[in-house]
Amino acid sequence: MAGHGTMPGMDGDGAVGSDAVSTSVTGLSASRPTEDVRLLNGSVFALKAEVVAHAFDGKNPTRAFAYNGQVPGPTLRVVQGASVTVDFTNALPYATSVHWHGIRLAQRFDGVIPDSQPAVAPNDSFRYELVFPDEGLYWYHPHLREDLQQDLGLAGAIVVKGDPGGGSRPQERVLMLDDAVLDARGAMRFQESAADHALMGRYGNTLLVNGRPSWSDAFPGGERVRLLLVDAANARPFRLTFTGATSVDLVALDGGFLAAPTPVVDAVVLSPGERATVDVVLPASGSVEIAHDAAGVRRVLGDLRVGSSGDPGGPSAAPAAPHERARASLAAAEAARAQAIATTWELDLKMPHAMGMGTDAEPIEWDVPESMGPQNMQMTARDLTWVIRDTGTGAENEDINATYALGSFARFRIRNLDDSMHPMQHPIHLHGQRFVVEDTDGVANPTPAWKDTVLVPAGSEVTIAVEMANPGTWVFHCHIAEHLESGMMGRFTVA
Ligand code: C2O
Ligand code: CU
């Protein structure tokens, strides 16, 4: 292996090396449950990143990071068009920042270090001026060592409503989907100097919903319950099934509503950074089991139980207005299809020392094969570089920065090479703009919607139409935290 020593904290007796991130809970307050925070136009909201004790395994409190003491952080509920000030304070022992994933705001409040702002040092603060031009589901997380900070608990949902008064709506529940590598004491182990698990990303041994190993809630029979799903994992794609439901409709993806609610035939696939909004209609009795069901392994995440109280409160059909609004705005992206492809990005891997790993490329790696676990765990950006390459210029990662005209659409093709040293899926996220996925491998997207992150399976080619509506120089990157740490990021400019 390339030059680094034994993994800190792996010797089993509690002794850790100097590079190990502390797992001590001495003197820490316990995490609090996630709160809903309603932010009105002109609101000022204080947000603090801090260290808490939180039991990710439901039993053993371990050292975790929280926003306002909460894991996940508070759910921010705002009305479309609102302007909100967030006074952010960093009470962590590490520098951090807050990125408002998917929100088309001003670049200087986008949280990217160093593009948008200097890192917020421990005990320092930063004032974010946020705007919310689009209705939909978004989220916030740090943009520095996400592999560590986000995994330790720094993530929260943002729900932007298109109509303030709104009529009758289904009850909503936010489910932040995540996973963690927990040791026997329920602790996570990280290195301060670098992200490990750099090859495939840090796939957890424990699946989490809202920071816990399982989730459950009760509703009246027949109720339509709206689930706002966020994949906040470092690397894991989820394949979600809802067993026992009367019906399941896909309502929205990332920030955008579909033209109409669309029945989920099989499963909902979400990769890191992506969101999905799903309406589940409950049976008259019994329950609906939510599971991650992939590659022949079914792992239960939680359930919606039919409670004793009768009479479903909400509407029986999904409210139509958000879909009508979406149809109008999606038409412009549709028209862009006549244009030529502006840019093609290739996704690749450079590894100086061949590791002799098989590359029997599955389109999606649902988990780390056991045989590769130790190798994957030990690797850092010192051992490999994940690459995005602009095939037009040959530029890679940091050297990519093409300019697109403000007010135009640009079509991009993203090609995930199937003959790299380790082909696997990459969720590619563009900051500051929104796009529509046109097709994957030439097959038209059955559920177009405004998105900001797209899953590109190994060996696949995805075409997106990006609306260049927000001026500035923005980053785009793979949302597997360890791939981002291993180079997989470039820039583009809208001017
Ligand atoms: Cu959610 Cu640049 O990230
Ligand atoms: Cu990646």
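In listed order, ligands and their atoms are each counted from 1.
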Sub-6.0 Å ring centroid separation between His143 and His431: yes
Tyr140 ring center near Tyr67 ring center (under 6.0 Å): yes
Arg239 and Asp266 ion-paired at < 4.0 Å: yes
Asp231 and Arg236 ion-paired at < 4.0 Å: no
Ion pair check, Arg413 and Asp439, cut-off under 4.0 Å: no
Pair Asp348 + Arg389, salt bridge at N-O below 4.0 Å: yes
Nearest to atom 2 (Cu) of ligand 1 - the N/O/S atom of His477, by atom name: NE2
The Cu ion (ligand 2) - closest N/O/S atom in His426: ND1
The Cu ion (ligand 2) to His483: nearest N/O/S atom name: ND1
Residue and atom, protein N/O/S, under 2.8 Å of atom 1 (Cu) of ligand 1: His101 ND1, His141 NE2, His479 NE2
Ring-ring centroid check Trp100 Tyr128, cutoff 6.0 Å: yes
